[in-house]
Visitor: 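This is the structure, below, for whatever I ask next.
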Protein chains: 2
Amino acid sequence: MADDHDVQKLGDQLCFAVYSAAHAFTRVYKPLLAPLGLTYPQYLTMLVLWERDDLSVKAIGERLGLDSGTLTPLLKRLEKLGLVARRRDPQDERSVLIGLTAEGLALKAKAKDIPLALGCAIGRPWPDVIRLRQDIAVLRDALNATAEAAGPT
Amino acid sequence: MADDHDVQKLGDQLCFAVYSAAHAFTRVYKPLLAPLGLTYPQYLTMLVLWERDDLSVKAIGERLGLDSGTLTPLLKRLEKLGLVARRRDPQDERSVLIGLTAEGLALKAKAKDIPLALGCAIGRPWPDVIRLRQDIAVLRDALNATAEAAGPT
DNA sequence: ATGAATTACGTTGCACGCAATCTAATTGTT
DNA sequence: AACAATTAGATTGCGTGCAACGTAATTCAT
């Protein structure tokens, strides 16, 4: 049962496992985030800001692996929701600093039970989850290194 | 070093590892697929069809975890590229069967080296990759089960 | 110090991904 | 047979992602 492996078979692709798992995560998050009025990428952005406030668009982009083409409209939506404020960095007028509003900060408390709900959905012992997360992070870094080597632009 | 774990910290989230790994995959695939004129989701669709031809939109959707809102326009693009043909199922006029054209079938040969390139990009021994793929597939299935239990529509 | 790169962000265009809704075809019920 | 419920696709609208390009601010080189 080990060698009927077809490199062009969907089910045998690591990439598809990751692709479909990512979609599955957003499906699980959707009903949990709906009460907060957030989409999943918006939630990730809020996680970054709850960790460290007043970051530039660039810094947030590096953290999430997103560029301004994605972040600019996303941050404008968060601003419209009253969760963040945007202001030019006086030290460098090119940068836009994103700061949490009181409402944005308060949302952290409302979101605190979400990781627990996810833990249940994952349904696996913590050590396994930690190990899996680490393995996937290493994989991601290897892929990104390859992508940069191929076409750094 | 084991218990400074913050459940609201981005780096500690399994979901973010998966999210960013999925993006990393598409970045690696992009230059490999560009010569074929395919996007990554289009490539996944072709993998499905290379495995089994003449599938309905519904069947492809179940395989990839996508709905008609995503697949209909994607398949129309593949049709415009001359890779697939769309025809109503005579047995059930509701269904649309997707069949490979000669060109679509021929593309399989042109794509055969892509998995090898990915293997290099992943940069890890095969048994590890197999195990990781399996772990992630199990995770995905658990998440999808939770999502369905929460809101089956 | 001044013109040339570089950088940060914004905008546009295209391709997903999904909810919601619509139509047409099939199935189930009585 | 007639009508209701279900099913398969298509369409619309919105929110990502990302490439390509544009602008303004900063830095670098000479």
Side-chain angles (χ1 to χ4, degrees), chain A residues 19-31 33-34 37-45 55-62 64-81 86-98 144 147-148 150-153, chain B residues 19-31 33-34 37-45 55-62 64-81 86-98 144 147-148 150-153:
Chain A
Y19 170 87
S20 52
H23 291 339
F25 264 117
T26 68
R27 278 192 277 272
V28 170
Y29 268 103
K30 180 160 300 218
L33 294 174
L38 294 177
T39 66
Y40 178 59
Q42 288 167 5
Y43 171 67
L44 292 179
T45 305
L55 287 174
S56 67
V57 173
K58 167 94 171 155
I60 297 173
E62 280 169 355
L64 295 174
L66 299 174
D67 69 355
S68 74
T70 300
L71 280 175
T72 296
L74 186 154
L75 291 168
K76 284 186 179 176
R77 282 174 211 119
L78 290 181
E79 186 182 34
K80 193 173 294 184
L81 290 174
R86 296 148 49 79
R87 62 193 163 83
R88 288 281 162 185
D89 183 347
Q91 312 294 284
D92 185 341
E93 291 281 337
R94 290 172 303 179
S95 284
V96 168
L97 296 180
I98 308 298
N144 278 331
E148 278 186 29
T153 297
Chain B
Y19 170 88
S20 53
H23 291 339
F25 264 116
T26 68
R27 277 192 278 272
V28 170
Y29 269 103
K30 180 161 301 218
L33 293 174
L38 293 179
T39 66
Y40 177 59
Q42 287 167 7
Y43 171 67
L44 292 180
T45 304
L55 287 174
S56 68
V57 173
K58 167 93 171 156
I60 296 173
E62 280 169 356
L64 295 174
L66 299 173
D67 68 357
S68 73
T70 300
L71 281 176
T72 295
L74 186 154
L75 290 168
K76 283 185 178 174
R77 282 173 213 118
L78 290 181
E79 185 182 35
K80 192 173 292 182
L81 290 173
R86 298 147 48 77
R87 63 192 163 84
R88 288 281 162 183
D89 183 347
Q91 313 294 288
D92 184 341
E93 290 281 338
R94 290 173 303 179
S95 285
V96 169
L97 296 180
I98 309 297
N144 279 331
E148 279 187 29
T153 298

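Residue numbers start from 1 in every chain, and the chains themselves are labelled A, B, ... in the order their sequence lines are given, proteins ahead of strands.
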Visitor: Who are the side-chain hydrogen bond (donor to acceptor under 3.5 Å, both in side chains) partners of D67(B), not counting sequence neighbours?
Guide: T70(B)
Visitor: Round to a whole Å and report the spacing from CG of L55(A) to C1' of dA8(C).
Guide: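 From L55(A) CG to dA8(C) C1': 15 Å.
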Visitor: What's the shortest heavy-atom distance between L71(B) and V57(B), and which atoms?
Guide: CD1-O, 3.7 Å
Visitor: Report the residues that fulfil salt bridge (Lys or Arg N to Asp or Glu O under 4.0 Å) with R88(B), sequence neighbours left out, ordered by chain and then residue number.
Guide: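 None.
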Visitor: Taking only residues two or more places apart in sequence or in another chain, which ones pass side-chain contact (heavy atoms from CB on, under 4.5 Å) with T39(A)?
Guide: P41(A), Q42(A)
Visitor: Could you go over nucleotides 16-21 of chain C and give all protein N or O partners under 3.5 Å, atom names and distances?
Guide:
from    : atom 1 : to     : atom 2 : distance (Å)
dC16(C) : OP1    : T39(B) : OG1    : 2.8
dC16(C) : OP2    : Q42(B) : NE2    : 2.9
dC16(C) : OP2    : R77(B) : NH1    : 2.6
dC16(C) : O5'    : R77(B) : NH1    : 3.2
dG17(C) : OP2    : Y19(A) : OH     : 2.5
dC18(C) : OP1    : R27(A) : NH1    : 3.0
dC18(C) : N4     : G69(B) : O      : 3.4

Visitor: I need the residues from residues 87-96 of chain A with at least one non-hydrogen atom less than 4.0 Å from DNA chain D; give them sorted by number, or say none.
Guide: D92(A), E93(A), R94(A)
Visitor: Which residues satisfy the side-chain hydrogen bond (donor to acceptor under 3.5 Å, both in side chains) test with S20(A), sequence neighbours excluded?
Guide: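 For S20(A), the residues satisfying side-chain hydrogen bond (donor to acceptor under 3.5 Å, both in side chains) (neighbours in sequence not counted) are R140(B).
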Visitor: What pairs with Y40(A) under ring pair (Phe, Tyr, Trp, His ring centres under 6.0 Å), at least two apart in sequence or on another chain?
Guide: Y29(A), Y19(B)
Visitor: K58(B) NZ to dT26(C) C1': how many Å, rounded?
Guide: 14 Å
Visitor: With sequence neighbours left out, write down each residue that passes side-chain hydrogen bond (donor to acceptor under 3.5 Å, both in side chains) with D89(A), or none if nothing qualifies.
Guide: none
Visitor: Run the side-chain contact (heavy atoms from CB on, under 4.5 Å) test against A59(B) and tell me which residues pass, sequence neighbours left out.
Guide: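 Listed in chain order: L55(B), S56(B).
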Visitor: Just to verify, what does E62(A) make a salt bridge (Lys or Arg N to Asp or Glu O under 4.0 Å) with, not counting sequence neighbours?
Guide: K58(A)
Visitor: Go through DNA chain D in 5' to 3' direction and return only the first and the last nucleotide with some atom under 4.0 Å of chain A's heavy atoms.
Guide: dG15(D) to dT26(D)
Visitor: Scan for salt bridge (charged side-chain N to carboxylate O under 4.0 Å, His left out) pairs involving residues 69-80 of chain A, sequence neighbours excluded, and state none if there are none.
Guide: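 Every salt bridge (charged side-chain N to carboxylate O under 4.0 Å, His left out) pair that includes a residue of residues 69-80 of chain A, provided the two are not neighbours, is E79(A)-R86(A).
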